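All of these numbers come straight from a predicted model, not from anything done at the bench.
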Amino acid sequence: MTSLRRLLPVLLLGSLLALPAAASPLTNPRWDQLDSEQQIVMAPLAGEWDRYAPEKKKNLLAIVPEYRSLDAAGRLRLQSKLKIWSDLTLEQRQQIRNNWKTLQSLPPADREKAIQRLKQGQLKPQASG
C-alpha cells in the first residue's frame, strides 16, 4: 500500500493537469520556445516536452503562475511530482486518470472516505454496484 501513498500526490497533480489553462501566446511551444521561468518549472519534463500534445502543454504551463507563489519547499515538491509523473508509463498514467474520474464521480462523503484511505495507504477494493 506504500505505492498508493506515493501515488496520491501524482493523482492530485493529475487533477491540476485536467484544469483549463489560460491562453498562451504559442499553442504548441517547443522546449526551446519556452521562456526561462517555464523551462525551470517544467525541467523534469524537458526530455519529453516536444512529444506532448498542444493541450497537455497548455495545461502544464498553467502551473507556472502557481509556482511563483510557492516557497522553496513547495517548488521542490511540485517539481518532484512532475518528475514522478514523467517517470510513469502510459498505462500507469491512464490508470491514475481513470482512478481520478472514478473518485470524482463518487458522492462527496464517499469521496472523502476514499481520499482518507489513500492518505493512510489503506485503500482496499470495494464491491461495486
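- In this structure, CG in Leu60 is found 11.0 Å from CD in Gln38, a value given to the nearest 0.5 Å.
- Counting only N and O atoms by type, the side chains of Glu112 and Gln116 include a donor and acceptor under 3.5 Å apart.
- Taken from CG in Asp87 to CD in Glu48, the straight-line distance is 8.0 Å, to the nearest 0.5 Å.
- Residues in residues 62-76 take part in these salt bridge (Lys or Arg N to Asp or Glu O under 4.0 Å) pairs, two or more places apart or across chains: Glu37-Arg68.
- Qualifying side chain to side chain donor-acceptor pair (under 3.5 Å) partners for Asn98, counting only residues two or more places apart in sequence or in other chains: Gln94.
- In terms of heavy atoms, Ala114 sits closest to Leu106 at CB-CD1, 4.2 Å.
- Taken together through direct or relayed side-chain contacts under 4.5 Å among Ile, Leu, Val, Met, Phe, Trp and Tyr, Val41 and Leu76 form parts of separate hydrophobic clusters.
- The structure places CG of Asn99 at 4.5 Å from CD of Gln95, a figure rounded to the nearest 0.5 Å.
- Put simply, the side chain of Trp49 never gets that close to the backbone of Lys57: no donor and acceptor are under 3.5 Å apart.
- A single hydrophobic cluster is seen to contain both Leu70 and Leu45, as judged by linkage of ILVMFWY side chains at heavy-atom distances under 4.5 Å, directly or through other members.
- Taking both residues in full, the closest heavy atoms of Lys56 and Arg97 are given as NZ-NH2, 4.2 Å, listed atom of the first, atom of the second, then distance.
- The two atoms that bring Asn28 and Tyr52 nearest to each other are OD1-O, 4.1 Å, heavy atoms only.
- Remark: side-chain polar atoms of Gln79 are paired, donor with acceptor, to backbone N or O of Ile40 under 3.5 angstrom.
- Judged purely by atom type and a 3.5 angstrom limit, Asp50 uses its side chain to pair as donor or acceptor with the backbone of Trp31.
- Contact between Val64 and Met42 at its shortest, heavy atoms only, is CG2-CE, 4.2 Å.
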With side-chain contact (heavy atoms from CB on, under 4.5 Å) as the test, would you mind laying out the steps for Lys83 and Ser86 before giving the verdict? CA-CA 5 Å; Lys83 178 65 176 147; Ser86 72; 4.0 Å; yes

